[in-house]
J.: 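I'd like to ask you about the structure that follows.
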Amino acid sequence: MTQTQLKSAYGSAPLGVKPRKTVRQILKDNSGFLFILPAMLIFLVFGLYTVVYSFVLSFFRWNGFGQFSLLPPACEDPACAFVGLRNFQEFLYSNPTQSQFFWKAFENNIIIAVFVTVGTILIALPLAMALNRAVRGQSLYRTLMLLPMVTAGIAVYYSWTFIYQPNGVLNSILETIGLGSLQAKQGWLGQPNTALLALMIVMIWGAVPSAMILYLAGLQTIERELYEAAIIDGANAWHLLWRITWPLLRPITVIIVITSLNRALQEYEMVYLMTNGSPAGHTEVVGLQIFNYGFGDQRQLGMASAMSWMLFALAFIVALVNLRFFQAKED
Amino acid sequence: MLTRKRFFVLAVALIVLSLSGGAMAQDPIELTMWTWKIFHVPGLEAIAANFEAETGIKVNVEAYNPDEVYRTKITTSAQSGDLPDILSFWSGGQWELAATDMLVELTDVVDESWQSEFLPGTFELQSVMTQSTYDFCQQDADCTYSNIEVGQVFSVPMLAGQAFFLFGNKQMIADAGFDPNVTPATAEEWMDMMLTIKETTGNAGLVTGVQNPAVLHFWLFNPLMITSCGVETYDAIWSGEDSFTNPCAMKVLEWFYAMSTNDLWMPGILQTNIDPADVAFSQEMAAFDLGGTYTLGFLIAQGMDPENIVSFAVPPLEGSVFPILEIAPAPLIDVMVTKNSEHPDEALQFLQYMTTPEQMSVFAKINGDLPAVKVSSDPEIVGSVMPGLLNAISDYSPFQESTAQQLQEPSSVLQLGLQQFITGEITPEELAPAIDEANTAAWEQLGS
């Protein structure tokens with residue numbers, strides 16, 4: 001069989017020879033890739049590069065002046081020097097003072113993560129269930145509940161700081177209702193036994209609206225027939241919640257738990273603005289230490305990067321354990 | 001009628017003419033100066049306006065605030081080569097900039113005549129690389145300016161000042177039965193005053209920016225300790241050759257502890273930072289405010305009557321080596337020319353101009369802040385706040401003799417401990433060995 005015969009028998013290209021594609025065809029075949037190309041480029045330059053940069057930086061001592069770059073590789077002495085794992089070793093164990101401060105801050109992060117996550121769920125779920133019921137003024141309640149989510153963080157933090165002051169609203173209310181003995185004389189953010197709790201209340205207050213929206217969306221997907229059938233079988237309100245609502249909302253709960261844990265472990269903005277780690281380090285968190293190492297007087301950007309990566313690793317482990325826990329429950 | 005070709009030729013000719021005209025007429029020189037003190041901008045702009053009137057060179061003053069933002073701005077601009085012509089920076093911090101070749105060297109430029117303009121203890125202690133700073137840097141493997149040699153100069157001081165000043169509310173002091181014009185001679189007397197004021201008027205004793213952990217350490221602990229122990233012992237303790245359990249240091253820790261057990265701090269003190277503390281004092285929430293040369297101007301700006309304020313240096317403890325604390329100005333802000341400047345000669349000219357007594361008097365009158373240059377004490381020239389400040393400072397201070405290097409780790413433990421006195425979580429007997437332990441470990445890590 002000749003080439004011409006082969007062409008006519010199997011289309012335009014001979015056997016073993018791929019048909020030549022036109023530019024239009026190539027663009028059409030790769031349209032999906034082309035659509036995500038701009039986003040990929042932005043991610044590579046502003047996402048991946050910065051992540052790799054901070055990872056490499058965590059093995060260096062650098063005060064931010066002079067040259068430190070990946071492309072082309074540069075580290076200008078004496079402002080910059082390769083130190084290997086020393087940054088990690090120092091705050092983890094080898095420098096007693098530094099490691100003591102780090103682990104205390106991490107402990108605070110864990111306390112915040114656990115209490116804020118549990119508190120958010122315990123408040124958001126009942127609120128979502130209440131809002132899910134058709135009542136008059138439902139849209140007004142929803143709007144009110146969402147206010148914390150749309151209010152600027154800095155305004156919220158300053159408002160709460162004033163509420164918590166020694167002569168603030170909270171102490172005044174306690175005095176007025178005859179519970180003056182419960183007042184925090186140094187202010188709710190100024191006493192070691194109340195400062196972290198006071199911060200966590202603000203965090204929960206800020207986290208509840210988004211969690212509530214997620215739960216509300218989840219509740220609206222649950223078939224009413226399931227509840228009706230259960231009621232016919234004699235289920236009470238507790239059974240309905242525990243046997244139907246809670247299991248069916250588990251995927252939503254997983255999302256809320258992971259985002260809440262992640263936020264709590266990375267928290268720094270609110271602590272910086274409301275307490276700056278006071279009183280006497282009782283509200284110090286790792287994020288604040290990273291900020292102080294990176295941008296404060298010390299200017300140890302390598303140390304700040306090392307701490308950031310350690311925090312990432314710890315957050316990753318926590319998220320993994322959490323996922324496994326929920327998966328096991330599901331199985 | 002113009003054809004298309006003639007129109008094109010005419011357009012090209014016009015463009016060429018305009019470009020050559022632009023090149024022939026020299027552009028006026030414009031310089032840029034950066035600061036992080038927004039409060040200083042009016043004073044600096046007044047100097048810049050005078051400079052422009054005399055030289056035709058315009059200086060644009062730009063402020064970036066707060067401190068962290070300013071540092072980051074410098075870091076990123078240094079990477080991209082966009083630093084301004086003139087930079088202001090924390091005195092002593094310029095070495096890190098100079099070490100990475102960011103600054104124009106001024107070693108041979110700041111001659112004796114220019115040096116003589118500065119207040120004693122400013123230029124020669126921080127703007128020149130001294131032997132002791134050099135030695136310490138060489139000893140520390142992590143020192144980031146080990147390539148700077150003794151005697152090198154990259155900046156000149158612009159602003160001086162010192163903490164260690166107490167401001168008292170005369171009315172409150174008088175209400176408690178004291179003569180407000182007689183200041184306490186010792187720290188114990190001062191504490192007794194605060195106790196009496198609290199008992200008779202119900203007002204808190206002291207306010208300052210305790211939320212910032214460095215405030216109690218540098219503004220109150222250090223002056224009490226150096227007067228209590230003397231320079232030699234003070235240096236020996238900080239360098240790990242002596243101990244914080246030394247009675248002279250323990251006395252200071254016990255005094256701090258008594259401040260808390262006597263409940264003399266303003267309520268909510270651990271939540272109070274520097275500016276809010278001054279505001280609280282101006283609102284009569286405490287009898288005394290701990291601050292510095294920069295505080296008085298702020299208090300007056302808050303609406304306090306200067307006649308109702310008495311100021312004095314932190315009084316030493318009874319039996320101290322130094323019975324009074326003499327306060328010499330320390331440089332706070334240095335100014336420098338960056339290598340990114342396209343007009344380094346003009347930038348240097350502005351540096352010389354701004355640090356003349358005449359121009360610094362203009363600045364002092366507007367800002368009420370103490371310049372690092374010898375200025376007149378005539379209120380007509382420097383304003384009403386400055387003469388008082390100039391009278392309160394002297395040429396000598398024990399801190400000038402001290403060569404103590406206060407390492408980060410023991411400082412952190414001390415700062416936390418002083419706050420923990422207020423929360424009642426630690427005692428002086430527990431804190432002193434903890435600082436020693438951190439100090440010894442830190443010096444061992446340095447290999448000394």
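Sequence lines set the chain letters: A, B, ... in the order given, protein chains first and strands last, and positions in each chain run from 1. Hydrogens, waters and symmetry mates are skipped; everything else that's a heavy atom, side chains included, is used.
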J.: Measure Ala98(B) against the heavy atoms of chain A and call it side chain, backbone, both or neither at under 4.5 Å.
T.: neither
J.: Can you confirm whether more than 12 heavy atoms, excluding those of Phe115(A), are under 6.0 Å from its CZ atom?
T.: no
J.: Can you tell which part of Tyr145(B) gets under 4.5 Å to a heavy atom of chain A, answering side chain, backbone, both or neither?
T.: backbone
J.: For the pair Trp62(A) and Cys75(A), evaluate side chain to side chain contact (heavy atoms under 4.5 Å, CB included) and give the outcome as yes or no after the intermediate values.
T.: CA-CA 8 Å; Trp62(A) 185 45; Cys75(A) 173; over 6 Å; no
J.: Based on non-hydrogen pairs under 4.5 Å, which of Leu97(B), Val413(B), Asp142(B) is most in contact with chain A?
T.: Asp142(B)
J.: May I ask you to decide if the ring planes of Trp188(A) and Tyr164(A) are parallel, tilted or perpendicular, using 30° and 60° as cut-offs?
T.: tilted
J.: Report which part of Gln415(B) has an atom under 4.5 Å of a heavy atom belonging to chain A: side chain, backbone, both, or neither.
T.: neither
J.: Tell me whether Phe136(B) at atom CZ has more than 12 heavy atoms from other residues, nucleotides or ligands lying less than 6.0 Å away.
T.: yes
J.: Most heavy-atom pairs under 4.5 angstrom with chain A, which of Gln408(B), Met266(B), Met102(B)?
T.: Gln408(B)
J.: Do you see a donor-acceptor pair shorter than 3.5 Å between the side chains of Gln165(A) and Gln271(B)?
T.: no
J.: For ring pair (Phe, Tyr, Trp, His ring centres under 6.0 Å), just list the numbers for Phe244(B) and Trp238(B), CA-CA rounded to whole Å, side-chain angles, deciding distance to a tenth of an Å, and then say yes or no.
T.: CA-CA 8 Å; Phe244(B) 280 88; Trp238(B) 276 112; 5.0 Å; yes
J.: Quick one: does NZ or CZ of Arg71(B) land under 6.0 Å from the six-membered ring centre of Trp36(B), within 45 degrees of the ring axis?
T.: no
J.: So which of Ala81(A), Gly66(A), Gly190(A), Pro78(A) has the biggest tally of heavy-atom pairs under 4.5 Å with chain B?
T.: Pro78(A)
J.: For Gln300(A), is it the side chain, the backbone, both or neither that has a heavy atom under 4.5 Å from a heavy atom of chain B?
T.: side chain
J.: Asn63(A) versus chain B, heavy atoms under 4.5 Å apart: side chain, backbone, both or neither?
T.: side chain
J.: Do Phe291(A) and Tyr268(A) have ring centroids that are under 6.0 Å from one another?
T.: yes
J.: Non-hydrogen atoms of chain A under 4.5 Å away: do they reach the side chain of Asn439(B), the backbone, both or neither?
T.: neither
J.: Just give me the residue among Pro166(A), Ala184(A), Gly187(A) that pairs up with chain B most often, heavy atom to heavy atom, under 4.5 Å.
T.: Pro166(A)
J.: Relative to chain A, which segment of Asn212(B) carries a heavy atom at a distance below 4.5 Å: side chain, backbone, both, or neither?
T.: neither
J.: Does Leu301(A) form a side chain to side chain contact (heavy atoms under 4.5 Å, CB included) with Phe68(A)? I'd like the steps, not just the answer.
T.: CA-CA 11 Å; Leu301(A) 291 166; Phe68(A) 174 82; over 6 Å; no
J.: Among Gly296(A), Pro96(A), Ser69(A), which residue forms the greatest number of heavy-atom pairs with chain B at distances under 4.5 Å?
T.: Gly296(A)
J.: Is it the case that Arg299(A) and Thr144(B) place a side-chain donor and acceptor less than 3.5 Å from each other?
T.: no
J.: Where does Glu437(B) contact chain A at under 4.5 Å (heavy atoms): side chain, backbone, both or neither?
T.: neither
J.: With respect to chain B, which residue among Thr275(A), Asn193(A), Asn292(A) yields the maximal number of heavy-atom pairs within a distance under 4.5 Å?
T.: Thr275(A)
J.: Counting heavy-atom pairs under 4.5 Å to chain B, which of Lys185(A), Gln191(A), Arg86(A) comes out on top?
T.: Arg86(A)
